[in-house]
Amino acid sequence: MGDQLLARHPALDPARQSELIVVIIEATTRFTKYAYHKKKIALVLSAMRHYAADLREAGWQVDYRQALTFQAGLKAHLQENRSKRLIMMAAAEYPARQSQQNLENSLLEAKIQVEVEILPNTQFLAGQFAPAEKPGKKLIMEYFYRAMRQHFGLLIEPNGKPTGGDWNYDALNRKPYDGKVKPPALPAFAPDDITQAVLSEVEQAAPKNVGSTAGFDLPVTRAQALASLQDFIEHRLAYFGPYEDAMSQNEPVLFHSLLSPLLNIGLLEPLEVVQAAEIAYRTGKVPLPSVEGFVRQIIGWREYIYWHYHRDMPDFRKLNSWEAHASLPGFYWNGQTEMNCLRTVITKLLDTGYTHHIERLMVLSNFGLLAGIEPEEVNDWFLSCYFDAYDWVVTPNVIGMGLCADGGQVGTKPYAASGAYINRMSDYCKGCRYSPKIRSGPQACPYNFLYWNFLLKHEARLKANPRMGPAVLGLRHIKPDEREIIQRQATTFITQLESAY
Ligand code: FAD
Ligand code: SF4
């Protein structure tokens with residue numbers, strides 16, 4: 001499958017190279033499910049074709065097919081080759097995993113008798129070990145993460161204690177960006193003939209999709225993915241921790257890794273990535289807080305998200321615990337809004353297919369949460385626009401972490417914040433027509449009145465959450481007449497957003 005381009009794919013047993021045919025299928029309908037970002041389609045198709053070329057060069061027999069659907073391509077292959085056995089790795093996404101489980105029967109209905117063997121997924125560490133969940137007790141990310149670190153021996157001393165004595169260095173991380181250290185240029189990979197062909201196919205076949213392929217320079221091979229990892233470890237990891245949560249108008253990537261699209265299609269594996277980061281610490285090249293912060297993202301958050309997805313599907317994407325039903329504003333598709341944070345982040349996203357985590361969480365989904373936008377619409381928008389988007393990662397991050405529409409299963413609190421947070425962590429507010437310091441009235445930052453309106457609307461529920469208690473206490477300082485003004489302004493604003501759609 002296009003997201004399983006692993007150098008060590010479990011079905012590719014070198015001892016059986018002469019007996020096996022590797023089938024790789026480009027399924028047209030898979031690419032039309034959403035108006036995916038053109039750079040994402042280009043990345044996946046180019047990486048698939050390079051993967052096939054690399055396998056052929058390594059002596060594998062490869063049947064690379066284009067078909068309307070994955071099953072159509074598979075059936076054609078099986079009929080032509082009369083194969084007796086089909087070996088696959090379990091899919092990362094729930095719908096694909098469901099169809100794998102029914103595959104033997106559905107092939108039989110098409111009069112194709114083949115034994116289907118589904119191997120465990122090796123792309124995620126949580127597929128090999130996952131901490132046990134105690135009945136009736138929520139397994140929060142922090143304890144999941146500690147158990148993963150202990151099991152895989154990452155940043156763990158011989159006595160079993162965390163390296164440096166602490167599990168968490170958040171207090172040293174998460175500074176606003178002060179411009180003192182300039183982020184280095186990102187590695188760029190000039191498109192070769194295979195990629196050039198893909199780029200023109202994508203522009204022709206998907207003219208109405210999000211974004212454009214212009215300027216495409218992403219890694220598309222295993223060798224290029226390893227070079228990207230190396231570049232991050234050498235040039236950006238040291239500053240990853242301190243500026244992890246910072247946002248900057250002119251520095252879209254700051255010190256983030258940009259490795260998610262590569263991990264998500266299998267060009268990199270999570271263990272090799274975090275081990276490379278740990279070596280950088282042990283050899284004195286990178287300070288511990290940055291390395292721990294990065295390891296936490298990969299074997300903490302990423303694995304926890306994957307684990308939650310398979311635990312909570314199939315109902316996950318329909319959850320709507322705040323009963324939010326407003327439509328997604330039209331500016332999410334073109335960036336045309338006077339709110340500078342949203343305009344900057346969306347414009348950047350439409351261009352590149354990327355924004356970093358805090359922009360996804362505290363600008364884009366925070367707005368969706370506060371404005372009461374229907375979770376499934378937000379989810380579908382994220383799936384369409386990001387170059388690293390797949391159902392297993394988008395749904396728990398959007399429905400769970402970002403919108404808390406799952407009633408607080410993935411996160412321990414709703415990530416709701418006013419303009420004060422965005423002002424503290426970015427320079428967006430300086431260029432904005434609104435003021436993050438004003439709560440209501442024409443100059444007020446919309447995040448402000450939407451935030452206080454959200455707290456007023458859900459006061460009873462939020463009070464019950466120990467992590468939201470202090471925020472709700474803030475309501476004491478707002479007099480009844482101002483509460484009314486805030487609620488009226490928020491309602492009018494949301495109605496206008498909807499009618500502009
Ligand atoms: P870095 O900041 O360098 O972090 C390192 C790695 O940690 C990432 O590459 C990623 O693999 C992993 N990671 C960190 N946080 C998470 C997380 N919450 N979930 C999964 N992996 C994580 N990630 C995707 O891969 N695809 C998505 O479509 C996606 N959508 C998101 C939507 C929302 C609303 C939110 C809040 C988060 C989303 N994430 C998604 C998680 C995270 O934002 C991205 O993985 C990260 O921004 C990718 O950029 P990076 O590689 O530069 O990450
Ligand atoms: Fe965004 Fe409000 Fe700041 Fe404007 S003032 S950039 S809308 S947070």
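We count ligands from 1, going down the list as the structure has it; atoms in each ligand are counted the same way. Worth saying up front: this structure is predicted, and the values here are computed from it rather than measured.
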Practice task
Step through it carefully: locate the ring centre of Tyr386, locate the ring centre of His37, and say whether they are under 6.0 Å apart.
Solution key: no
Problem - Geometric class of the His256/His356 ring pair [parallel <30°, tilted 30-60°, perpendicular >60°] - result: parallel
Problem - Closer than 2.8 Å to atom 3 (Fe) of ligand 2 - protein N, O or S atoms, ordered by chain and residue number - result: Cys429 SG
Exercise for the section: Please name all residues satisfying side-chain contact (heavy atoms from CB on, under 4.5 Å) with Leu229, sequence neighbours left out, ordered by chain then number. Expected result: Ile233, Leu259, Leu268, Val273, Ala276
Handout entry: Near-ring test Phe240/Phe255, centroid separation under 6.0 angstrom
Key = no
Practice task
Tell me whether the centres of the aromatic rings in Phe382 and Tyr332 are closer together than 6.0 Å.
Solution key: no
When the side chains of residues 209-217 are checked against the rest of the protein, which donor-acceptor pairs come out under 3.5 Å, sequence neighbours left out?
unit_1: Asn209; atom_1: ND2; unit_2: Tyr36; atom_2: O; d: 2.9
unit_1: Ser212; atom_1: OG; unit_2: Ala214; atom_2: N; d: 2.8
unit_1: Thr213; atom_1: OG1; unit_2: Glu203; atom_2: OE2; d: 2.7

Practice task
Could you label the plane-to-plane angle of the Tyr354 and Phe387 rings as parallel, tilted or perpendicular, counting under 30° as parallel and over 60° as perpendicular?
Solution key: tilted
Exercise for the section: Taking the six-membered ring of Trp452 (Phe, Tyr or Trp), confirm whether the NZ or CZ of Arg483 is under 6.0 Å from its centre and within 45° of its axis. Expected result: no
Fill in the blank from the handout: When rounded to the nearest 0.5 Å, the distance separating CG of Leu462 from CG of Leu455 is 6.0 Å
Exercise for the section: With a 4.0 angstrom cut-off on heavy atoms, strictly below it, pick out the residues next to ligand 1 and order them by chain and number. Expected result: Phe240, His256, Ser257, Leu258, Leu259, Ser260, Leu263, Asn264, Phe294, Gln297, Ile298, Trp301, Arg302, Ile305, Tyr354, His356, His357, Arg360, Leu361, Ser365, Phe382, Asp388, Ala389, Val393, Val394, Asn397, Val398, Met401
